[in-house]
Asker: 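Pasting a structure below so you can have a look.
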Amino acid sequence: MKKIVLLGCAGILATTGAALAGHGKAGLWNVTTNMTMANMPQIPPETLAMMKQRGMQMPGMGQPIATQICMTQQEVDSDLPLHMGDREMQCDSHVTSKTASSISADMVCNGRTQGTGHLQVSYSGAQHYAGSYSFKGTSEGHPADMTTSFKGDWVKADCGAVKPFVH
């Protein structure tokens, strides 16, 4: 059950980073995510603690999740989405279309988590993006159905105490 929740968390974290691939500016970003999970269990206390440590606020499902991320220049310059999930989940993602103002990517998971996901992001200049991510499948035999919408706004070049997300 923990993997189901971690899939949701990985989706949030991965989409925020993937949204900036090849676009944006290095530095501190405010990211707001709205997530809907069907057939998902409660988030375990240890997962909530990990999310809090990373600066994520979890007011409850259906409520916006606000966080700050630090993007390095290497992440901004990348032409590929950041790796989504972990090796144990065995997920692969690939860009299906890319323009100067948008990117779409698909994800396929064939490990303990099985299913497909889709990411769509649109950019409004180098300081704002908005998009959506969806995943449908199973995780450790349990149904996993998640939809998120998100937006990011660049704050400043100095990330201060916020460290880049290690993937």
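Computed from a predicted structure; not experimentally measured. Counting from 1, the numbers follow the sequence of the chain as shown.
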Asker: What pair of heavy atoms forms the shortest contact from A144 to S139, and how long is it?
Answerer: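 The answer is CB-N, 4.3 Å.
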Asker: Working to the nearest 0.5 Å, report the span between NE2 of H142 and OG1 of T113.
Answerer: 11.0 Å
Asker: Taking side chain as C-beta onward, heavy atoms only, is M35 less than 4.5 Å from Y133?
Answerer: no
Asker: Out of curiosity, K156 NZ to N30 CG, how far, rounded to the nearest 0.5 Å?
Answerer: 10.0 Å
Asker: Kindly compute the distance separating OG1 (T67) from CZ (F150), expressed to the nearest 0.5 Å.
Answerer: 14.0 Å
Asker: What's the shortest heavy-atom distance between F135 and M107, and which atoms?
Answerer: CD1-CE, 3.5 Å
Asker: When you measure from the side chain of H94 to the backbone of A105, do you find a donor-acceptor pair of N or O atoms at a distance under 3.5 Å?
Answerer: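 No, because the side chain of H94 does not come within donor-acceptor range (under 3.5 Å) of the backbone of A105.
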Asker: Can you measure from NZ (K151) to OH (Y129) and round to the nearest 0.5 angstrom?
Answerer: 11.0 Å
Asker: Could you measure the distance from the NE2 atom of H118 to the CG atom of D106? Nearest 0.5 Å is fine.
Answerer: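 Answer for the NE2-CG pair, H118 versus D106, is 6.0 Å.
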Asker: Are L28 and Y123 connected into the same hydrophobic cluster when the rule is that any two of I, L, V, M, F, W, Y join if their side-chain heavy atoms are below 4.5 Å apart?
Answerer: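 Shared cluster, no.
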Asker: State, to 0.1 Å, how close C159 and G27 come at their nearest heavy-atom pair, and which atoms those are.
Answerer: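 For C159 and G27, the tightest heavy-atom pair comes out as SG-C, 3.4 Å.
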Asker: Salt bridge (Lys or Arg N to Asp or Glu O under 4.0 Å): which pairs involve residues 119-139, sequence neighbours left out?
Answerer: K136-D145
Asker: So if you build clusters from Ile, Leu, Val, Met, Phe, Trp, Tyr with side-chain heavy-atom gaps below 4.5 Å, do V155 and V76 land together?
Answerer: no
Asker: Could you give the distance from CG (N34) to CD1 (I65), rounded to the nearest 0.5 Å?
Answerer: 7.5 Å
Asker: Does atom CD of Q73 have more than 12 heavy-atom neighbours from other groups under 6.0 Å away?
Answerer: yes
Asker: Establish whether V162 and V31 are linked, either directly or via other cluster members, by ILVMFWY side-chain heavy-atom contacts under 4.5 Å.
Answerer: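 Unlinked, V162 and V31 end up in two clusters.
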